[in-house]
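Just the heavy atoms: all of them, side chains too, but no hydrogens, waters or symmetry mates, feed the values below. Indexing begins at 1, ligand by ligand and atom by atom, following the structure's order.
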Amino acid sequence: MTILNILEYPDSRLRKQAKPVARVDDAIRKLADDMLETMYAAPGIGLAASQVNVHKRMIVVDVSETQDVPHVFINPQLTLIGELVENEEGCLSIPGFYEPVTRAERVRVRHLNCDGDANEFEAEGRLSVCIQHECDHLEGKLFVDYLSSLKRTRIRKKLGRQHRIRA
Ligand code: NI
């Protein structure tokens, strides 16, 4: 398995719209393994292919304490269910920043699994939030887009500065 490079905000490649996975083959399964490895190493609880500069509709998540309950969702389609809830969110592409975001309490995910079979999965709580956050990435959307433009600009300036120093 390979640890992949995670793009960081404000990298414009994070804004690309991801394309559906046409066929679940060995290359897609390898990508899923690499994404999980990358997420665990970071460490994080979710990762979208867009974040590793692969613009395919695919996300991985694991919100378990023990980091041993991985989920892979290929071509995920969400149905939002229930009340809206506010949770503090962070993002591996926006390191060091956590802000409250409002999302649906529960979610139903139609998707393909790693065998290419159509499947349905229902999630609530942290897992639901995480799945919604990762699916946003596939649309080129980031959690900072839910914040005020003042907050977003502040974060962009701070991260932009860090990138220059690191380079
Ligand atoms: Ni994220």
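In this structure, Lys158 is not positioned above the aromatic face of Phe97 in the sense of NZ or CZ being under 6.0 Å from the six-membered ring centre and within 45° of the axis.
Crowding of Gln17 atom CD: a count of heavy atoms from other residues, nucleotides or ligands under 6.0 Å exceeding 12. Enclosure of atom CD in Glu88 by more than 12 non-hydrogen atoms of other residues, nucleotides or ligands within 6.0 angstrom is indicated.
Counting only protein N, O or S atoms, the number found under 2.8 Å from the Ni ion (ligand 1) is 3.
In this structure a side-chain-to-backbone donor-acceptor pair under 3.5 Å is present from Ser128 to Glu105.
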| request: Any chance you could lay out the side-chain contact (heavy atoms from CB on, under 4.5 Å) test for Cys130 and Arg126, step after step, and finish with the verdict? | output: CA-CA 6 Å; Cys130 186; Arg126 221 155 105 87; over 6 Å; no
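Taking the six-membered ring for Trp and thresholds of 30 and 60 degrees, Phe121 and His71 have ring planes inclined between 30 and 60 degrees apart.
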